[in-house]
Amino acid sequence: MDFTKNLNPMQKEAVLHTDGPLLLLAGAGSGKTRVLTHRIANLIQSGVNPFNILAITFTNKAAKEMKERVNSLIPYGEVWVSTFHSTCVRILRRNIAKIGYENSFTIYDADDSERLIKQAMKELNFNDKLLKPKSVMAEIGSQKDNMISYEQFEIIAGSDFRLSKISQIYTYYQKRLRANNALDFDDIIFLTVKLFRDCPEVLVGYQERFKYILVDEYQDTNTSQYELIRLLAGKHKNLCVVGDDDQSIYGWRGANIRNILDFEKDFENATVIKLEQNYRSSKTILEAANAVIKNNHSRKSKSLWTDNNEGENIEFYKAQSDLDESRYITEQIEQNVLNGGKYSDNAILYRQNALSRSIEDSLVKNNIPYRIFSGVRFYERREIKDILAYLRLIHNPFDDISGRRVINVPKRGIGEASVEKILRFSTEQEISFSDALVICDNIEGIGTRHKKIKEFAVLIEELRDFSVNNNVSDLINQILEKTGYILELQAENSDEALGRIENIDSLINKAHEFEKESEDKTLNAFLEEVSLVADVDNYTDDDDTVVLMTLHSSKGLEFPNVFIPGFEENIFPSYRSLMSQSSNDLEEERRLCYVGITRARENLCLTSATSRLQNGQFVYNMPSRFLEEIPEDIVNSTRQNIGVSMKTINTIPAKKPNISFKTNNYDTINSTSKNSDINFKIGDKVKQIKYGNGTVIAISQEEVTVAFDGLGIKKIKPQLLKRKH
DNA sequence: TTACTATGGATTTTT
DNA sequence: TCCATAGTAA
């Protein structure tokens, strides 16, 4: 089979390239995934064993997509396609004992890490007002990203007051992680590189296995990821990296743009291929994107072009207020749908999560279905983290962060003071958290509390026994039953509690899915899977809903119509980037703007608000400087006239009815009961966006049956209905 | 220990 | 505005 059919000459060259280092500079929308997958297929066809190919991505979604596309081209042989983190976890599970951890290690997320940092600071008697746990965590993370161990950092910190404090925390933190047999996200990469450096025989094994390596989104790699790739590709040097320096937007997370800019220096005789033809956007949109990005200085020269149509001008709407801005966007979307488009053709991409609020309110008010990504992520929700903490403690008796989290959830009368004592005891005696619970009568000053602690210890032991012969979903059910977790939520009887129960159900579903699909059905494998997923991984365009997400999470996606609200100084570019001494920060904002613009296929709409309620205060920002960088003749500017907008504002009810829980994302469509009253009665007059007016004729647990005027009887989720007065 | 109130602090976050 | 936390009362 010819895998170069329908490819342009540059794409063809990239697909046919086989041995040696290759840098693919792939502009936005230039068909990079297509090239990557066809290249893999071509390698296999020309005799490379799929077993010898490794493809690395940043997100599970990208990995999954690539895998599917490769399989559809060459439906035999398994290529190892996975994220940096999953790849490393797989390597570590086999080999981590060589560097002093147990292979049943737990993976801590950012929240767990922060708790551990706080614990460390408390233990070291550091004031968390002077030194914020968050910034300490960022500092430690960036050290790990740069492959600097706590021992090395102690030397670097020297006598610098702040750095030496951080160094002490880093040391304590790392030792605690080790004692808990836990790794944080940065450790996953850091320790893999350490493993390769310390144990050359392990490295050689993987070098032999991965004769061909492909790395996607190379501009986002940090130093440790770069080092990992350099080591793995060190022997065969068949390394193909794909990236776009103009789309590097994770510098603040340690991504080192140098990695892509210096690829040719780092890998001798590298072939460089530029993919500059864009297949996604209209000429106008590309012109805007190019005009903005050309103001950046540190970049590889590259200019995107397209054969697509001229397309529509870019809309700029200068709103009076954030309310006016939301109203405008809502109206535009309604208009797009009336013109025959789908809701899912529309994406609203913002610089900060906080900007979604007023837009959500407006969408809800107008019964426009939407899905929001980011915000509180599914696996970071309290109830989910609680259940996972039980699972983790069951799996890893040393995990005191998880133990601490659930020891008094639901309330068992074991307070902060007792927990501290148990922790100290387990550290002093060098025993696991679980063992400390069992022999808690030996702890001084624990008093009569030991009875309750023992009960908890027995509970965990029983669950641990149960876990041996039962699958994950049954184990979760057992936890819920034995702890009375659900009962407590039911007793609360609030919308919020109901939402939490729903989320727990989703988790159980997730476990069922896992049991059906996964090869390795152990608790360990389940925990691993859930610790390494992100929100955007759940993005599908199956549902016909408007999409809301941050500009950062939108990378790699595309939509016919893109709205970017908050196109203002201090928001986009952000206040911090404007305050920064380094011009790099502003340039990164500009790249983010470039990413945002190039998400759009047909229409791009930018909006700013003259006044905006932010953090409870009114702020007044000028339109973004990026707007001025777009040629005037391709922008239609509209400015809200004050009289009209006042009228608009007055028609919006002052008080929102019945605010309840926020469902945000995952498998929930629309914003559920942020909507008005969902307790309908039979006989209520209601309105639904598709079917129009109707009357409620029956109500069940989840659905309301409505007789729509002239359109018959339909069952509808109550949150999609609006009451008519 | 817990349940209440006051206060202060709020980018972006692939895993 | 909304959230997490610190401090206080019971």
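This is a predicted model, so every value here is computed, not measured. Throughout, protein chains are lettered first and strands after them, A, B, ... in sequence-line order, and every chain is numbered starting at 1.
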**Study point:** Phosphate OP1/OP2 of C/dC2: any A/R357 side-chain N/O under 4.0 Å
**Key:** yes
Review point. Contact class for A/K555 (heavy atom, under 4.0 Å): base, sugar-phosphate, or nothing?
Key: nothing
Exercise for review: Could you state the atom-to-atom distance from CZ of A/F58 to P of B/dT12 in whole Å?
Suggested key: 20 Å
Review point. Over how many whole Å does the gap from A/L349 atom CG to B/dT11 atom C1' extend?
Key: 16 Å
**Study point:** Atom-to-atom span, NE2 of A/H552 to P of B/dT13 - whole angstrom
**Key:** 7 Å
Review point. Looking across every strand, which nucleic acid part, if any, lies under 4.0 Å from A/D109 by heavy atom: base, sugar-phosphate, or nothing?
Key: nothing
Review point. For B/dT12, does either OP1 or OP2 sit under 4.0 Å from a side-chain N or O belonging to A/S553?
Key: no
Practice item. Can you establish whether the number of heavy atoms outside A/K454 located under 6.0 Å from its atom NZ is more than 12? Key: yes
Exercise for review: Respond yes when some side-chain nitrogen or oxygen of A/T550 is under 4.0 Å from OP1 or OP2 of B/dT13, and no when none is.
Suggested key: yes
**Study point:** Within 45° cone of A/Y226 ring axis and under 6.0 Å: A/R258 NZ or CZ
**Key:** yes
Point to revise | Residue among A/R405, A/R392, A/R404 satisfying salt bridge (charged side-chain N to carboxylate O under 4.0 Å, His left out) with A/D112 | key: A/R392
Revision key, fill the gap. DNA chain B nearest-nucleotide lookup for A/S531 and A/G616: closer to the 5′ end is A/G616
Study note, to complete from the structure: Residue pair A/K134/A/V419 against DNA chain B: nearer the 5' end by closest nucleotide is A/V419
Review point. So what does A/Y250 hit on the nucleic acid, given a heavy-atom distance under 4.0 Å: a base, only sugar-phosphate, or nothing?
Key: base
**Study point:** Nucleotide of B/dA10, B/dT2, B/dT13 approaching A/R253 most closely (side-chain heavy atoms)
**Key:** B/dT13
Exercise for review: Give A/E589 one of three labels, base, sugar-phosphate or nothing, depending on what nucleic acid heavy atoms sit under 4.0 Å from its own.
Suggested key: base
Check your understanding: What integer distance in Å separates A/K118:NZ from C/dA4:P?
Key -> 10 Å
Exercise for review: Please list, chain by chain and in numerical order, all residues satisfying ring pair (Phe, Tyr, Trp, His ring centres under 6.0 Å) with A/F105, sequence neighbours excluded.
Suggested key: none
Practice item. Determine, for A/Y101 and A/R178, whether the Lys NZ or Arg CZ falls below 6.0 Å from the six-membered ring centre while staying within 45 degrees of the axis. Key: yes
Check your understanding: Rounded to the nearest Å, what distance is computed from the CZ atom of residue A/R612 to the C1' atom of nucleotide B/dT11?
Key -> 14 Å
Revision key, fill the gap. note: A/K144, atom NZ; B/dT13, atom P; distance rounded to Å ~ 22 Å
**Study point:** Gap between atoms CZ and P, on A/R351 and B/dT11 respectively (whole Å)
**Key:** 10 Å
Practice item. Kindly say if A/N615 contacts the phosphate of B/dG8, meaning a side-chain N or O under 4.0 Å from OP1 or OP2. Key: no
Review point. B/dT12 base stacked by A/W252? Criteria: ring centres under 5.5 Å, plane angle under 30°.
Key: yes
Check your understanding: Heavy atoms under 4.0 Å, any strand shown: does A/I414 hit a base, just sugar-phosphate, or nothing?
Key -> sugar-phosphate
Practice item. For A/D184 and B/dT14, give me the distance from atom CG to atom P, rounded to whole Å. Key: 16 Å
Exercise for review: State whether A/N570 places a side-chain N or O below 4.0 Å from either non-bridging phosphate oxygen (OP1 or OP2) of B/dT11.
Suggested key: no
**Study point:** Ring centroid separation A/H85 to A/F58 under 6.0 Å
**Key:** no
Point to revise | Touch class at under 4.0 angstrom, heavy-atom based, for A/A354 against every strand present | key: nothing
Practice item. Compare side-chain N and O positions of A/S418 against OP1 and OP2 of B/dT1 and report whether any pair is under 4.0 Å apart. Key: yes
Review point. What's the closest nucleotide to the A/K132 side chain, out of B/dT2, B/dG9, B/dT12?
Key: B/dG9
